[in-house]
Amino acid sequence: MQSKGLTISKFVYSWLLMFAVWYGFTTSTALPELITGVIVSLVVTLITAKAAQCCGLDILLPHRIFYMVKYIFVFIIALLKANFDIARRVLSPSLPINPGIVEFETKLNSDFAKMILANSITLTPGTITVDLVGNKYFIHWVDVKTEDSEEARQEIAGDFEKILLKIFN
Amino acid sequence: MEILKYIGSFFVLLGSIFLFLGALGIYRMPDVYNRLQAGTKSSTLGAMSMLLGIGFLQPDWMVKMIVIIIFIAVSNPLSSHALARGAYRAGLSLFQKEKIDAYEKDYKDMEDKEL
Amino acid sequence: MDPILYNKIISVGVYGSAIGLILIGLYAVLVKKHLTKIVIGLSIIDAGVHLLFIAVGFIKGGTAPIFSEKGIELVNQGTAMVDPVPQALVLTAIVIGFGVTAVALSLVIRLYRHHHTARIDHIKSLKW
Amino acid sequence: MKRAFILLLLVVVGWVLADTFSQINFGESRMGDIKQQETVGAYYLNNTVEKLSVANVVTAIVVNYRGFDTLGEVTVLFLAASGLASILYRRKKRGEHDVMILKNSSQLLQTGAKLIFPAILVLGAYVFIHGHLTPGGGFQGGAIIASGFLLMFMAYKDYHVSHNVLTWVESVAGILFVSVGIWGLISGATFLENVLGTGTLNDLISGGVIPLIYIAVGFKVAAELTGVLETLLNFKTEK
Amino acid sequence: MEMNIVLYIALGFIGLALILGILRFIKGPTAADRVVALDTMSVIVTATLALLAYIFQRYIYVDVSLVYAILGFIGVIVLARYLEKAL
Amino acid sequence: MVISPVHYIALPLLAAFLMPLLAKVNRELVRIIPGVVLTYLLFVSVVLMQRVTETGQPIIETLAGWQAPWGINLVFSQFTGFLVSLMVFMATLIWIFSYRFKKVDNEPALKYYILFMMLVTGSVGVVLTGDIFNMFVFMEITAIASYSLTSFYRDRDGAEAGFKYLLIGSLASTFMLLAILLLYTQVGTLNMAMIAERMHTVPVGMKVTILILFLTGLGIEAEMFPLNGWAPDAYSQAPSPVGATFAALVVKAGVYSLIRVIFTLFDIQGAYQYLIIMGIITLIIAEFAAMKQTNLKRMLAYSSIGQMGFVLIAFGIGTKEAVFGALFLMFNHAIIKSLLFMSGSFFVYNSTSKDIKGLSGIGKKFPYMGFLFSIGAFAIVGLPPFSGFWSKLYILIAAADESMLALVAIILLVSIVEIVYYFRVVAKLYFGKPTDKEVVHKPTFGGYFSMTVLAVVILLVGFYPDIITGFIHRAADTLLDKGAYISNVLSVGH
Amino acid sequence: MNNIVLIILILLAGGVLSFLLNQIKPLLSGVTAFVATVAAAVLFFTGTGTADNFDFVLGGMHLSMGINGYSWIFGALILGFSSLVLLYSISYMKGRDRLGYFYLNFMLSIMAMMGIIFSRDFISLFIFWEIMTWSSFLIVVYQGLSEGRVGIKYMIFSAVGGYSMLLAIVFMKAQMGTVLISDLVSHFSGFAIQQQTMVGILLLITFGVKAAVMPLHVWAPRAYSDSPMSYTSVFSGLLSKMGIFGMGIVLISVFANSSTFGTNTFYISNVLAWLGAITGVMATFYAVIQTDAKKLLAYSSIGQLGYIVMGLAVGTKLSVMAALFLAVVHTIFKGTLFLVVGAVERQTGTTDMTKLGALIRKMPWTFLAALISIIALAGIPPLAGFVGKWMFYESLIVSDHYFLVIMAFLSSTAAFLYCYRFLFGIFLGQEEKEFENVKEAPATMVIPMVLMAALLFVFGVFPGLLFDPIAKGMEVLGMGTVDWSMTVLSNGWGDHVDTMSIISAIGTIFILAFIYLALWNRKRTRYVTTKDIHTSGEIPTENENLTYAVDFYKPFERAIEPVMKRTMDFYYNHLGEGLESFFNFLRRFYTGNGQTYALYVIVFLVILILFSKQIFL
Ligand code: NA
Ligand code: NA
């Protein structure tokens, strides 16, 4: 998200998104509901215009959608792995852990992408994002395998970062 | 539609197991960061799975279930991150002190800058 | 399980926790010295009272008094619905409790600013 | 010693409360013969759908049967906001302004808040607009919106909501509420009387003035709670 | 109410989970541990509310779940900020 | 639009919501609007009092189109009407007094006027409403406005006083809520008339528990000992117009609610004896404490509490004459204590200290103010020919009629204490040379005006009590006629 | 309009008007007050008869005002005396600030006194009684002499008195349903004996406070002396007589006419008579040792009131008559003496007899008034005081109150001491340099004094002028008729007392003796310097007395010292202190800690819960 200021594209995207949220809440196609939804989402978009613009309509381009879907799959697999990993640790009486905090830098430059990456890291095996300063992630790692920044990036963020770069850049 | 019921029940059951595992992790892990590790992942997956299951059991509700799933997927890791950061800044040391802590120096620097 | 016993256990649990909240809050109000803890105590008392409202209005097997189900037929003349009045009252009570808590917190802030302490037994320039 | 005495007192209080509530059987209907409408609760359950076309009986009570209470409730919030502002008021010297006492939050939280905040606003609006249909209402919706602002306050140290706007919103909403009441008076009925047609049950547009009032309440509550939060968090004055 | 055996089991797991969460909340030992317990429990409760809505077959309760999710999240964020000594 | 009791609530609220907007147009409007509203309400009072006096029937106003017990209603009877009119009258005068009040104007005046107007509205609402939960809501409005106004000034210990008030007030609201909840479980309604009608069905044990909860909760508002720890602080730290408002409106609402509950809702005879006993203790402790105060406003506060004790005693006697005396005393106390607060505050502002000691000779510096204060002091201790005398006389006669001579003796003994501390101040006003301290806070024209009006009322009622006794007699009769209350309220729309 | 109402209104309007006119010109204030009082007096003496009734309903109570022979005596006294005092005040108060305040309260107290004597029911009586109390209180604190303590003490005692009456009133109202005085008289017999005693004692406390009967007198000396002198004369001369007025009603018309009261009358009357006697003796002793002229007169007043109370309490026809006679005469001579001291104070700036002296040449007219009044006070013929005293002794002897006679004699003798001291200390003795340029008081002050002194002479020679109204008054009280002629009084044995012959016999002796005394002392007048041989050449220390006026009666003081050591004041002060520390203890309840208050709430709740059965069921 490099360009500052409000573009029509961003505005419309935001409006659409808010309307989608509205629909998610009402799940009704009755006309009064829809009209109200349009109004509400418009008002909310106007209110949050300054603060809350993340993307423009271009995020909806097909190839980006494709990568998004791909991301979701990758993510879900990672999430499942993470849970089995946790289950193993939790249920094992010896609690095999070796925790520590490591850092690495990301190539992502969209705030939004960075957040998605951070969340993904948090939900994948053995890691939690403690902080993000500029481009530098600080990760709490249950079982620290390396202290080297680049290796850590590969180990922790690898796949996610690649796909995210494709979606947001 | 019987098949949906089975799928739904499966997801609900799976979700509840993960939720339980998350709570167990919270209970058993030795320090706050590890508890967070266990709690976040399992509870997120557990909740998502259970909501999805309910969506299958009651297809009318699927849209709303997805809304909640998305919300949890976004918010839960975020809150965990905020907690981890908060715990760190609250001065809670790591479980094993001799282990590596890359955050310490930067964190101190930032504190100085803010003052 | 014996339904009467079951009912008794549930009622002890619900009333007990509500009354327990009230007592815990009262304890905080009467014993804790920190102003914020006292305010929290007041909120806990409120919570207990609100819970009592809900508990009292509850009817075994009753649902929320809302006639809006699409998939479910209208509940016949409300016989299986809980008493809506305590719910309406508790809504009001909660909002009022919130208002009071907000004012209380602002007073705590001011007291702290002025006395540089938040211990209630140190703030007694007005007495006798 | 003193503590023991207090505990003893609490035992007595607890005992009398327990004793009293043990006479009120949990889960038992106290609405009497519901067809006879022996209690107001029974009356409301029996008549709300027919007379007001409002699905949510609690909402009907809150906004219509006991709408006067709600007016008072709104006033309480308004008062709390005013009281708070007056209690924490500080005379500012030239060039001084309030700042949040918060330190910077994490970049991630800022991004997340930016994403979630609009959705929370939509949810709040949804809750108060559907107050007569779902277990929501003006207060709940307003509180949700305010919690959205709370999220923003938590995420952004320098996030400010224009006091002017808040004042406008709460004033106009409050005036709207009272005006709906006076509308009843002017049209020859009683204060707060539902002077609009009630529509069909479970439509968005039903229940007469009830949704109108709840929308007003929603806005008002949102503005007031946000104002309260901002006042409570802004208690440092800086050059 | 539509109840099958799976839902009973699920409720059982959830009950156990909540008990464990409450135990951790009580044990602490630090404020951060308690908040972590709260955080997890809020997610569990969110899911549970949705499940209860299904069990009671009342769609309107789903809204409660949604609102609970949001308020729980924001509550934890506030507490986290408090831990950070940022408040 | 016909003039009706709901105007008392709706218009101030409308104005309160409007004021923040109008403040942006012109700051002066903020000060003026409450006065306009209150003046209109005074007019409403006149019209409605005339109406109820003519018909002899209360005005029952249903709200939102739902008759009792389904909806909330307002009851403007000769009793509530009297109290409400008194409140509005006092509020108007207090508004005039505080118009362009320098100390207030140094603070966020907009908030002050909003809170003040809501304080008035809350107190009036407590009296007007016919619904027990609605009464709770209005009480909370009053309470929150009071907490905030108590801590309004920054240069005092207002926050401390406000916090204590809030702490005790919150306990009060808790107990009241519990009482209301239990009551609802027993009778299934919140309308006071219907509660009264169904009260006999409630088991005695439950009834007593509910009563105890009410007595504790409302006793706090009515400043009953030992629940009144908050009161002296709140009175003395609040801005003086607010102190006057507490005395003239807020406590009145508290006492009203207590009386309404005991007289109308319940049918427990023991409650009357209880009122007498608590009244005596309150009276004695408060007057004794007042005796030893060095701070003028605190002294006035304790005196106020003592007067409320006296009122409770009178209500506890419970006969027609006693209730008449009690209402008369409430009337007098509202007027006299306000005058004392108003005039006393100027002494305090312009003296070297807040202590009574600092008042030396200040009566010579402000002769008219000293005169007004003296009138107030004479009237409050019940010296003839000031209004306070009559209420005291009626209550004593009522007590004697019930062969409670010991009670009379106690009251009179305590009155001597009262005389001592008031006359000590009056004597102090004229003793010694006034300090050279410049006049920091000159009374405004409005200040003089409202104090003069109060003094005139005190003298007028003192010389010729009959101008007011008719209203009070009818008010007392209305309060005591529980059957009529029930049938009037419940017959509306049936 | 009814004359009674008119008089009250004139006095009230006069007060308000003089308050207002003070804003324009202070002089107008006094003049207005004087004119109003004179107008009221004229109306009273010319147009007010016993037929003037005024019945009205106020606050739902039937009240009644009127006048009878008994109250006429006091009414005449009030209006006559206060007219003269107000005339005196015009000059006396000149130049002081807040004259409006002073005259307003002055007029209010006159109005209140008139109201008291007009009242035919207890409610109006109480109303005017309290107005009298607070208006006089305001005058006591007017000069701000002693930090309000004196005023407070006065107010406390008045409140005790006033509330005693109020208690009696509400009791009567509950018992009889009416508050008319005449109803009390007729219903009194119907009361149970305890009730009779209670009502009697309560009312006697009320009137006893104002009449400064021991032990209720302690407020009086300082209250008298702290108010401006022109008002002090009213205080001592009139306000105290309101106590006498009330006692007369209670003792004579209520008790004496109560058939069932029987033995109680005896006890109460005897106790009261003894209290009066003790008051007389003690106060006289105190008067003797005072160095301040005002205080001397104040104590003297109290002593004299003691006699009067004694006379009323003894309750025979003659004693009552003597008491009423003394009451009137006392007003005149004591009033005059206070005015004299006022004149002296105005001209010299002090009332300390140790500083004053030899003013006889500077203020001859004042001296004349003082001399005549003192003679009357001492009970020496041919002045009015003698007649009263004679009747008084005779009534005591006739009714076999021999001990009372001894007491009375003791105090009369002691009274001579202070009379002498008063005259000597101020007008005779050694001339002080600082008073060299003192002038006679202005005419408006001298005239009232001399006029009243003349009255003393007239009433001394023609006591019948007073006997007439007094006899009428006693008839009203139910004492039956009294035989009298202008100069002859029939005593209890049926003998006739020819006042004229006695006066001429005894009077001559006394006057000669007095004049001798006075002149003899004048010869001794001299200036004392510090080098006087008196000190054997040594320079005297500061605390050595060089004037006679100091320690005038040192031996006497030593003699009475044991009696005086523990005054009533001492006990009252201790009571007061004890009460105050008790109050202080009680208010510790308000600890200032909000949490404690919260605890109180819970404790209260728990107490109610635990004792709910006892409290509510
Ligand atoms: Na992870
Ligand atoms: Na989380």
Side-chain angles (χ1 to χ4, degrees), chain C residues 7-8 10-16 18-20 22-24 26-27 30-31 48 52 55-62 64-70 74-75 77-79 81-103 105-107 109-110 113, chain D residues 2-3 6-7 9-10 13-14 17-18 21-22 24-31 34-35 39-42 44-46 48-49 54-62 65-66 69-70 72-74 76-77 79-81 83-84 87-88 133-135 137 139 143 201-202 221 225 228 231-232 235:
Chain C
N7 207 36
K8 211 159 234 170
I10 295 282
S11 92
V12 167
V14 174
Y15 284 143
I19 293 170
I22 293 176
L23 294 181
I24 289 169
L26 275 178
Y27 181 81
L30 295 179
V31 175
L52 278 179
V56 155
F58 178 72
I59 291 171
K60 206 178 159 198
I66 303 172
F67 296 89
S68 67
E69 245 20 41
K70 286 167 189 165
L74 268 177
V75 184
Q77 290 295 295
T79 40
M81 285 185 169
V82 301
D83 192 342
V85 177
Q87 301 211 3
L89 299 186
V90 89
L91 189 61
T92 308
I94 288 171
V95 172
I96 289 172
F98 173 84
V100 173
T101 309
V103 173
L105 286 176
S106 65
L107 285 172
I109 291 171
R110 228 192 60 202
R113 250 190 223 158
Chain D
K2 193 182 168 195
R3 195 168 291 196
I6 289 171
L7 284 173
L9 289 178
L10 292 185
V13 174
L17 284 178
F21 278 94
S22 72
I24 299 164
N25 292 332
F26 180 74
E28 182 188 286
S29 174
R30 264 168 295 277
M31 291 185 281
I34 211 142
K35 302 274 182 211
T39 71
V40 284
Y44 298 151
L45 285 179
N46 283 330
T48 301
V49 169
V54 170
N56 186 340
V57 181
V58 176
T59 294
I61 298 172
V62 167
Y65 297 107
R66 302 187 65 82
D69 270 355
T70 306
E73 220 174 320
V74 168
V76 164
L77 273 186
L79 271 184
L84 205 76
I87 289 168
L88 293 179
L133 305 175
T134 64
F139 292 99
L201 186 66
N202 273 324
V221 170
L225 294 190
V228 164
T231 320
L232 276 178
F235 56 79

Exercise. What do the steps show when you test D:Y65 against C:V85 for side chain to side chain contact (heavy atoms under 4.5 Å, CB included), and what is the final call?
Worked result: CA-CA 10 Å; D:Y65 297 107; C:V85 177; over 6 Å; no
Problem set entry | Stepwise side chain to side chain contact (heavy atoms under 4.5 Å, CB included) check, D:L225 with C:F98 | CA-CA 10 Å; D:L225 294 190; C:F98 173 84; 2.9 Å; yes
Problem set entry | Part of D:L7 within contact of chain C (heavy atom distance under 4.5 Å) | side chain
Problem set entry | From C:Q87 atom CD to C:I66 atom CD1, the distance as rounded to the nearest 0.5 Å | 8.0 Å
For this session: Return the option, out of D:G27, D:G137, D:G41, with the maximum number of heavy-atom pairs under 4.5 Å with chain C.
Result: D:G27
For this session: Output yes when a side-chain donor or acceptor of D:S29 lies under 3.5 Å from a complementary backbone atom of C:I59, and no otherwise.
Result: no
For this session: Using non-hydrogen atoms and a 4.5 Å limit, figure out which bit of D:F21 sits close to chain C: side chain, backbone, both or neither.
Result: both
For this session: Go through the atoms of C:A102 and report whether side chain, backbone, both or neither lie under 4.5 Å from a heavy atom of chain D.
Result: both
For this session: Return the option, out of C:P86, C:G57, C:A55, with the maximum number of heavy-atom pairs under 4.5 Å with chain D.
Result: C:A55
For this session: Heavy-atom pairs under 4.5 Å with chain D are the metric here; pick the option from C:A64, C:P84, C:G16, C:S11 that has the most.
Result: C:P84
Exercise. Tell me, side chain or backbone of D:L10 under 4.5 Å from chain C's heavy atoms, or both, or neither?
Worked result: both
Exercise. Angle class for the D:F26/C:Y15 ring planes (parallel below 30°, perpendicular above 60°, tilted otherwise)?
Worked result: perpendicular
Exercise. In terms of heavy-atom pairs under 4.5 Å with chain D, which of C:L26, C:T92, C:I19 leads?
Worked result: C:T92
Problem set entry | Largest heavy-atom contact set with chain D, pairs under 4.5 Å, which of C:V12, C:L52, C:V31 | C:L52
Seminar exercise, completed: Of the listed C:L105, C:T101, C:V14, the one with the largest count of heavy-atom pairs under 4.5 Å with chain D is C:V14
Exercise. What part of C:V103 is in contact with chain D, defined as an atom under 4.5 angstrom from a non-hydrogen atom: side chain, backbone, both or neither?
Worked result: both
For this session: Could you pull out the closest heavy-atom pair between D:R66 and C:L89, with the gap in Å?
Result: NE-CD2, 3.6 Å
Exercise. Under the 3.5 angstrom rule, does the side chain of D:R30 hit a backbone N or O of D:T39 as a donor-acceptor pair?
Worked result: no
For this session: Measure from the side-chain N and O atoms of D:N56 to the backbone N and O of D:T134, and report whether any donor-acceptor pair falls under 3.5 Å.
Result: yes
For this session: Evaluate the side chain to side chain contact (heavy atoms under 4.5 Å, CB included) criterion for residues C:L107 and D:I87: first the C-alpha distance (whole Å), next the side-chain angles of each, then the deciding distance (0.1 Å), finally the verdict.
Result: CA-CA 7 Å; C:L107 285 172; D:I87 289 168; 3.8 Å; yes
Exercise. Tell me, side chain or backbone of D:V58 under 4.5 Å from chain C's heavy atoms, or both, or neither?
Worked result: both
Seminar exercise, completed: Max heavy-atom pairs within cutoff under 4.5 Å with chain C, candidates D:D69, D:L84, D:T59, D:V221, goes to D:L84
